[in-house]
There are 2 protein chains.
Amino acid sequence: MRVGVGMVDKAGLIENQGALVDADAQVESFRQTRNNRRTELVEDYVELIADLIDHDGEARQVEIAQRLGVAQPTVAKMLKRLAADGLIQQRRYRGVFLTAEGKELARHCRERHHVVESFLCALGISAETARNDAEGIEHHVSAETLEAFRAFVGKNATDAGAGREPPR
Amino acid sequence: MRVGVGMVDKAGLIENQGALVDADAQVESFRQTRNNRRTELVEDYVELIADLIDHDGEARQVEIAQRLGVAQPTVAKMLKRLAADGLIQQRRYRGVFLTAEGKELARHCRERHHVVESFLCALGISAETARNDAEGIEHHVSAETLEAFRAFVGKNATDAGAGREPPR
DNA sequence: CCTTATTTATAGCAATGGCTATAATCGCCA
DNA sequence: TGGCGATTATAGCCATTGCTATAAATAAGG
């Protein structure tokens with residue numbers, strides 16, 4: 001069907017004063033967003049687990065559950081999935097540990113998160129809002145956009161500190 | 001439990017060289033993000049329906065499905081929900097129409113979407129990436145952040161045009 | 001060593017958002 | 001008016017991500 005810019009619709013009229021975006025391109029955006037949504041949770045878990053290990057020396061289910069604001073069985077289920085995906089190792093009734101792959105993902109997420117949060121702060125947004133919004137935005141930032149954020153933070157050395165450690 | 005900045009953990013040590021964020025605050029971020037995720041789809045639908053009505057004079061399920069890249073029954077199910085929520089009106093085997101409430105939501109989403117996309121463009125990001133990322137980011141932008149984006153776009157009149165009509 | 005509190009595992013339920021296959025309806029044209 | 005193509009509705013399936021309730025395992029202390 002493809003109703004795009006400058007195309008002719010079934011009534012024979014030149015469409016597009018409305019300037020609807022190209023259909024194929026739009027579908028790609030939506031697909032990408034749906035894909036991101038699937039990986040968001042995984043990234044949140046891995047990032048949080050890395051933080052807890054760095055902070056406490058271990059990551060326990062109860063602590064993860066508390067931090068995420070969900071129930072412990074919800075965490076248990078997700079950890080199984082992470083283990084199946086090779087991101088963590090579980091020892092029954094022991095803490096959770098990141099595999100090499102998990103560590104790499106955590107490093108990546110952590111840095112991206114930090115860039116996004118710093119960027120929002122550099123824009124003049126309050127620390128609290130920056131924290132909240134970064135949590136949602138980070139998973140939807142492409143490499144190109146992340147680079148632009150990083151460059152902006154670099155130029156405006158007004159980074160008030162995003163309240164997280166810098167990437168090592 | 002609450003392991004926060006400068007608190008004492010069960011080992012009796014002053015925590016927090018790791019600088020973990022406050023637990024209550026973090027839980028709030030995650031909760032908010034989960035909430036946003038729930039409303040994202042609704043907003044995507046309403047925004048798209050508004051675009052289609054403006055462009056084609058009507059919004060049909062098949063067209064919505066094509067644009068979103070999902071199957072028609074998926075759309076049918078979601079439309080039932082939107083109707084139950086009072087955002088649209090459905091006439092069997094006819095197109096979909098926005099209620100007053102739906103129109104208002106569409107207006108809001110459309111404007112927010114436009115601001116985010118324009119902002120990314122103003123940052124120097126390519127039109128295509130801006131379009132893709134805006135689709136994911138828009139739902140996670142708070143009022144404060146949106147205002148900052150708007151201000152930035154205003155200052156840097158480099159808006160290369162986001163490929164969407166301006167908010168009316 | 002046994003008890004008890006903490007932690008983890010498991011079972012089972014609900015809502016959401018996908019899908020395919022198929023039935024029902026509408027609109028149009030012969 | 002009848003039929004056909006396009007559109008919408010419905011049924012039934014699956015995966016995901018939440019939940020509560022409860023069982024099982026561990027660790028720690030007496």
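Chain letters run A, B, ... following the sequence lines, proteins first and then strands; every chain starts at 1. None of the values given here were measured: they were computed from a predicted structure.
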Whole-Å distance separating the CD atom of Gln90(A) from the C1' atom of dA9(C)
10 Å
Between atom NZ in Lys77(A) and atom P in dT17(D), what is the gap in whole Å?
10 Å
Rounded to whole Å, please give me the gap between CZ in Arg91(A) and C1' in dA27(D).
15 Å
Considering the options Thr39(A), Asn36(A), Asp44(A), which one meets the side-chain hydrogen bond (donor to acceptor under 3.5 Å, both in side chains) requirement together with His139(A)?
Asp44(A)
The reported gap from CG in Leu41(A) to CD in Glu43(A) (rounded to nearest 0.5 angstrom) is 10.0 Å
Across all chains, not counting sequence neighbours, the side-chain contact (heavy atoms from CB on, under 4.5 Å) partners of Asn132(B) are Ser29(A), Gln32(A), Glu128(B)
Detail all sub-3.5 Å separations between protein N/O atoms and N/O atoms belonging to nucleotides 22-25 of chain D.
unit_1, atom_1, unit_2, atom_2, d
dA24(D), N3, Tyr93(A), OH, 3.2
dA25(D), O4', Tyr93(A), OH, 3.2

Apply side-chain contact (heavy atoms from CB on, under 4.5 Å) to Ala134(A) and list each qualifying residue two or more places apart in sequence or on a separate chain.
His113(A), Val116(A), Glu117(A), Leu120(A)
Nearest to the Gln61(B) side chain among dG17(C), dA9(D), dG18(D), which nucleotide is it?
dA9(D)
Side-chain contact check for Ala71(A): nearest option of dT20(D), dT20(C), dG18(C) is dT20(D)
Taking for Arg60(B) and for Arg34(B) the nucleotide of DNA chain D with the nearest heavy atom, the one nearer the 5' end belongs to Arg60(B)
Counterpart residues, side-chain contact (heavy atoms from CB on, under 4.5 Å), relative to Thr74(A) (two or more places apart):
Tyr45(A), Val70(A), Ala71(A)
note: Glu58(B), atom CD; dC26(C), atom C1'; distance rounded to Å ~ 13 Å
Ordered by number, residues from residues 78-88 of chain B within less than 4.0 Å of DNA chain C (heavy atoms) are Met78(B), Arg81(B)
Run the side-chain hydrogen bond (donor to acceptor under 3.5 Å, both in side chains) test on Glu144(B) and Thr129(A) for me, step by step, so that the C-alpha distance in whole Å, both residues' side-chain angles and the decisive distance to 0.1 Å come before the verdict.
CA-CA 7 Å; Glu144(B) 182 185 343; Thr129(A) 301; 2.5 Å; yes
For Val141(B), is there any backbone N or O sitting under 3.5 Å from a side-chain donor or acceptor partner on Thr145(B)?
no
Return the 5'-most residue of the pair Arg94(B), Arg38(A) with respect to DNA chain D, ranking by each residue's nearest nucleotide.
Arg94(B)
In terms of ring plane angle, is the pair Phe119(B) and Phe152(B) parallel, tilted or perpendicular, where the classes change at 30° and 60°?
perpendicular
Side chain of Val70(A) only, heavy atoms from C-beta on: which candidate in dA9(C), dC19(D), dG27(C) is closest?
dC19(D)
Which listed nucleotide (dC19(D), dT7(C), dG17(C)) is nearest to the side chain of Thr74(A)?
dC19(D)
To the nearest angstrom, how far is Asp44(B) atom CG from dG18(C) atom P?
10 Å
Rounded to the nearest Å, what distance is computed from the OH atom of residue Tyr45(B) to the P atom of nucleotide dT16(C)?
14 Å
Nearest-Å distance, CD (Glu63(A)) to P (dT6(C))?
15 Å
Which pairs count as side chain to side chain donor-acceptor pair (under 3.5 Å) when at least one residue sits in residues 83-99 of chain B, sequence neighbours excluded?
none
